Chemist: 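Once you've had a glance at the structure underneath, I'll fire off some questions.
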Amino acid sequence: MISVRIQEGDFDPGAELARLEGLGGGALASFIGLVRSDGGLIDMELEHYPGMTLKAVEAIVAEAVHRWPLLGVGVIHRHGRLKVGDRIVFVGVTSPRRAAALEACAFLIDWLKTGAPFWKRERFADGRARWVEACASDDAAVARWVEA
Amino acid sequence: MISVRIQEGDFDPGAELARLEGLGGGALASFIGLVRSDGGLIDMELEHYPGMTLKAVEAIVAEAVHRWPLLGVGVIHRHGRLKVGDRIVFVGVTSPRRAAALEACAFLIDWLKTGAPFWKRERFADGRARWVEACASDDAAVARWVEA
Amino acid sequence: MPLELLYFAWVREAIGKGGESVLCPDGIDTVDSLIGWLAQRGGGYAEAFADRARLRAAVDQAFVPLDASIVGAREVALFPPVTGG
Amino acid sequence: MPLELLYFAWVREAIGKGGESVLCPDGIDTVDSLIGWLAQRGGGYAEAFADRARLRAAVDQAFVPLDASIVGAREVALFPPVTGG
């Protein structure tokens, strides 16, 4: 039971978890990313590559399903204008095994940071705006999932 | 914002996540454990040590807060009679940092398995009943969190 | 001073009760020696405490190894390895 | 055959549009050579493509290194490192 959605609108974490809970796994790990107010940030514009985004995310999910015994995966990634406190991304994974659920969830969010075609432009209270730079710690986070 | 509850009743994962989402962290990792139907299991009785359970779990949470920059932690562990599909445990952690949220969530659920005074007695469709044995993989999962 | 004993899971089932108050004789000053003393009662006690590798303990609501002291303790709990989460 | 180019994030902003259709001259057969050819147009193109270390690419909607071939490609996208999640 795989569900991947790329959408402008918000989502309901409780409803997403409820769907995954119903799949019979004993372990359900999830991650939600939200817009923080760091440095006076007001909102951000999340741009993406419409023709490619869904299949890029689906490929990442397929890799997770290949590596871990998963009963269900849900990924939602928003785009468009997002203000402080808004949800950006949801990852939920259910498995019979706790470690599999936790690891696959971490794998997916790490890969979404570096392997899905999204770009964030932040706007601040003082009028500044900037494109978020990719950061080395994200590359390092993904590097640990590269199989020998 | 730490909340630890040991209770017989069910909980609402969506409401737990909503509370943690409101704390201003950009990253919210959570884990839900549910009763699986393995081997014809019907239900289980979760016994605990009433005088000790809450403080044991609070000590584990305090250790997580000491190790990672967390803005909020929620732990709910149920006891009593739980049937297949019922929720057993919730762990939710929010942090400014994704890796901190994911790691602290894994740390907490690993420790709840081996460091909180709960015991599970399973009942099966064929009339068998058995106390769940502690398993080596749980000890191994916890061992990786032991600081050098 | 009486010592409160608590039993959980199959230790409780084997003994047939969730706890009791005891007065320990001299020389019973560790969890280990307490277990040996209780096992000598035979029956469910002997069954519950037959294999120490399967036993864990808490003294005054803190997990301890079986060689821990119980001197001055008010409450000792004996139980199998925990299986929460 | 025309090649569809797509620009994202600050590459799009520097160039001033989200994409365009181009006919590549002979010899423009890798992403790298395509970037060099576009940069020669000057202005926003020169600005967008000044530092290749800050550029990433997809050919026909798959991420590729900059030395990848574009022979036979229908769509090439040029953009900064992604920052999703």
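None of these values were measured; they are calculated from a predicted model. Keep in mind that the numbers below use all heavy atoms, side chains included, and drop hydrogens, waters and symmetry copies. In the text below, chain A, chain B and the rest are named by the order of the sequence lines, each starting its count at 1.
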Chemist: So which part of R98(A) gets closer than 4.5 Å to some heavy atom of chain B, the side chain, the backbone, both or neither?
Modeler: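 When you check distances to chain B, atoms from both the backbone and side chain of R98(A) fall under 4.5 Å.
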Chemist: Check whether A29(B) gets within reach of chain A through its side chain, its backbone, both or neither, counting any heavy atom under 4.5 Å.
Modeler: both
Chemist: Please look at I109(B) and chain A and tell me whether the side chain, the backbone, both or neither of the residue comes under 4.5 angstrom of a heavy atom of that chain.
Modeler: both
Chemist: Is the CH2 atom of W119(A) crowded by more than 12 outside heavy atoms at less than 6.0 Å?
Modeler: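 Enclosed.
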Chemist: Checking S30(B) against chain A: side chain, backbone, both or neither under 4.5 Å from a heavy atom?
Modeler: both
Chemist: Please rank P13(A), A141(A), G26(A), G14(A) by heavy-atom pairs under 4.5 Å with chain B and give me the top one.
Modeler: G26(A)
Chemist: Return the option, out of A18(A), G85(A), A15(A), G25(A), with the maximum number of heavy-atom pairs under 4.5 Å with chain B.
Modeler: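 Heavy-atom pairs under 4.5 Å are most numerous for G25(A).
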Chemist: Please state whether the side chain, the backbone, both or neither of D12(B) comes within less than 4.5 Å of a heavy atom of chain A.
Modeler: neither
Chemist: Is there a side-chain contact between F31(B) and L28(A) (heavy atoms, below 4.5 Å)?
Modeler: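 Counting from C-beta outward, F31(B) and L28(A) never come under 4.5 Å.
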Chemist: Do L17(B) and L17(A) touch side chain to side chain, with heavy atoms closer than 4.5 Å?
Modeler: yes
Chemist: Check whether D38(B) gets within reach of chain A through its side chain, its backbone, both or neither, counting any heavy atom under 4.5 Å.
Modeler: neither
Chemist: Between atom CG of L34(A) and atom OG1 of T94(B), what is the distance when rounded to the nearest 0.5 Å?
Modeler: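 Reported value, rounded in 0.5 Å steps: 7.0 Å.
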Chemist: Is the backbone N or O of P96(A) less than 3.5 Å from a side-chain atom of R36(B), with the two atoms forming a donor-acceptor pair by type?
Modeler: yes
Chemist: Where does I32(B) contact chain A at under 4.5 Å (heavy atoms): side chain, backbone, both or neither?
Modeler: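 It is both, since atoms from each part get that close.
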